[in-house]
Amino acid sequence: MKNILPALAWLLLCLMNFSCEGFLDEKPQKSILVPESALEYQAILDNYTRVNISAPLPFIYSDDFWTTEANLLRLSPWHQQAYRWSMNPYSTGEIPEDYFNVYRKIFTANVVLDKLAENPHGQKRTWTICGEGAFLEGTWVF
């Protein structure tokens, strides 16, 4: 019995080693991941869920937001702390989604602008997309 358990462990280890042969060797196709055409860049800027989410924290910190105590208890803890004007509404280890959402928007616009600058097509559509990306980036930065 003492000899069987180590032998089974070695056999299992060897089988796991050979079962992944070739699976991790495949390289991803860059044509799937990297946008190439102006329509693809336009689609990136038109992604509503990525582009049009605004940061809720400035709105909650303002005096435009009012709620009852019962509704306040339904909100997440950081929403409650922000409503009470806490200087640091986030718990320890919690990632502020306000910064993440705004950073992701600016990053999206920068990717589109950089790719269009690398490969200028000179078409009216390309200039329109560059203008839209620059406008969106400017509104998010300021």
Side-chain angles (χ1 to χ4, degrees), residues 1 4-142:
M1 186 68 175
I4 294 175
L5 288 177
L8 284 175
W10 277 104
L11 179 66
L12 183 63
L13 184 65
C14 289
L15 287 176
M16 285 183 359
N17 234 358
F18 293 117
S19 66
C20 294
E21 189 78 29
F23 176 72
L24 297 175
D25 294 337
E26 291 184 24
K27 300 292 181 193
Q29 296 178 3
K30 288 190 175 185
S31 63
I32 295 173
L33 302 174
V34 179
E36 300 276 334
S37 69
L39 289 174
E40 292 171 342
Y41 295 125
Q42 183 68 50
I44 290 173
L45 292 178
D46 289 342
N47 186 356
Y48 183 82
T49 57
R50 180 168 288 219
V51 172
N52 290 328
I53 294 176
S54 62
L57 199 56
F59 178 69
I60 294 172
Y61 270 135
S62 73
D63 58 353
D64 293 334
F65 182 70
W66 183 86
T67 187
T68 63
E69 190 66 31
N71 286 337
L72 183 63
L73 294 175
R74 294 180 190 165
L75 297 176
S76 66
W78 76 269
H79 279 104
Q80 293 177 17
Q81 293 297 325
Y83 184 75
R84 293 183 180 112
W85 289 31
S86 172
M87 290 302 291
N88 187 8
Y90 299 105
S91 302
T92 306
E94 190 174 8
I95 298 172
E97 67 182 47
D98 287 352
Y99 173 77
F100 175 73
N101 287 338
V102 172
Y103 177 78
R104 186 170 61 178
K105 291 180 199 181
I106 294 170
F107 178 76
T108 301
N110 282 339
V111 165
V112 171
L113 291 173
D114 289 345
K115 290 295 181 179
L116 288 174
E118 286 176 8
N119 195 8
H121 296 86
Q123 300 173 353
K124 182 179 178 183
R125 182 165 191 80
T126 304
W127 290 112
T128 304
I129 296 169
C130 283
E132 182 180 343
F135 172 78
L136 292 174
E137 181 187 21
T139 58
W140 297 324
V141 169
F142 301 106

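Note that this is a predicted model, so its numbers are computed, not measured.
With a 4.5 Å cut-off on side-chain heavy atoms, Glu132 and Ile129 do not count as touching. Looking at Asn88 and Gln81, their side chains never come closer than 4.5 Å, going by heavy atoms from C-beta outward. In this structure, the side chains of Leu136 and Val51 come closer than 4.5 Å at one or more pairs of heavy atoms.
For Phe135, the CZ atom counts as loosely surrounded, since its 6.0 Å shell holds 12 or fewer non-hydrogen atoms of other residues, nucleotides or ligands.
Remark: Asn71 CG to Trp66 CH2 distance equals 8.5 Å, nearest 0.5 Å. Atom-to-atom distance recorded for Ile106:CD1 and Thr139:OG1 is 9.0 Å, nearest 0.5 angstrom. Interatomic distance, CD of Glu118 versus CG of Leu116, reported as 9.5 Å (0.5 Å rounding).
Checking side-chain atoms of Gln80 against main-chain N and O of Leu75 turns up a donor-acceptor pair under 3.5 Å. The backbone N or O of Thr67 sits less than 3.5 Å from a side-chain atom of Tyr83, completing a donor-acceptor pair.
Here the shortest heavy-atom pairing between Pro89 and Ala82 reads CB-N, 3.8 Å. Among all heavy-atom pairs drawn from Thr126 and Ala38, the shortest one is OG1-CB, 4.3 Å.
Here side chain to side chain donor-acceptor pair (under 3.5 Å) pairs that include residues 102-114, with residues two or more places apart or in two chains, number zero.
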